[in-house]
Amino acid sequence: MEQSGAADHEVKREKRKRTPEEVVNRYQVRIVKAQQKGRWNKVKVLQGLLTHSQSAKIVAVERVTTNKGKGTPGVDGQT
């Protein structure tokens with residue numbers, strides 16, 4: 001007699017790799033939702049996770065290096 005169950009029909013899905021922008025966006029959404037609910041300790045924890053995440057660092061560097069105004073002289077007159 002055959003056993004029929006979930007294991008026979010189990011379909012494995014490949015996990016899609018999230019881009020750094022998606023990861024950062026997800027953290028930001030979670031922070032806003034926690035803030036709206038008044039869960040301030042959760043907000044602090046999520047802010048810490050976002051600040052120290054590799055994805056946030058990648059996004060920050062990407063924004064700075066692809067900035068069109070990166071060659072504009074600053075207050076010291078040098079680029």
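The analysis underlying the following values was restricted to heavy atoms, covering all of them including side chains, and did not include hydrogens, waters or symmetry mates.
- Checked against side chain to side chain contact (heavy atoms under 4.5 Å, CB included), V23 has the following partners two or more places apart in sequence or in another chain: R18, Y27, S55.
- Through ILVMFWY side-chain contacts below 4.5 Å, V29 is grouped with nothing and stands alone.
- By the side-chain hydrogen bond (donor to acceptor under 3.5 Å, both in side chains) test, R63 is found to be paired with no residue, residues two or more places apart in sequence or in another chain being considered.
- The salt bridge (Lys or Arg N to Asp or Glu O under 4.0 Å) check on R13 picks up nothing, with sequence neighbours excluded.
- Under the 4.5 Å side-chain contact rule for hydrophobic residues, I31 and W40 share a cluster.
- In this structure, the separation between NZ on K33 and CD on Q36 is 8.5 Å, given to the nearest 0.5 Å.
- Residues forming a salt bridge (Lys or Arg N to Asp or Glu O under 4.0 Å) with E62 (at least two apart in sequence, or on another chain): none.
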Sequence neighbours excluded and cut-off under 3.5 Å, please list the side-chain donor-acceptor pairs for residues 44-52, or say none.
from, atom 1, to, atom 2, distance (Å)
T51, OG1, Q47, O, 2.7
H52, ND1, G48, O, 2.9

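- E22 places a side-chain N or O within 3.5 Å of a backbone atom of T19 that can act as its donor or acceptor partner.
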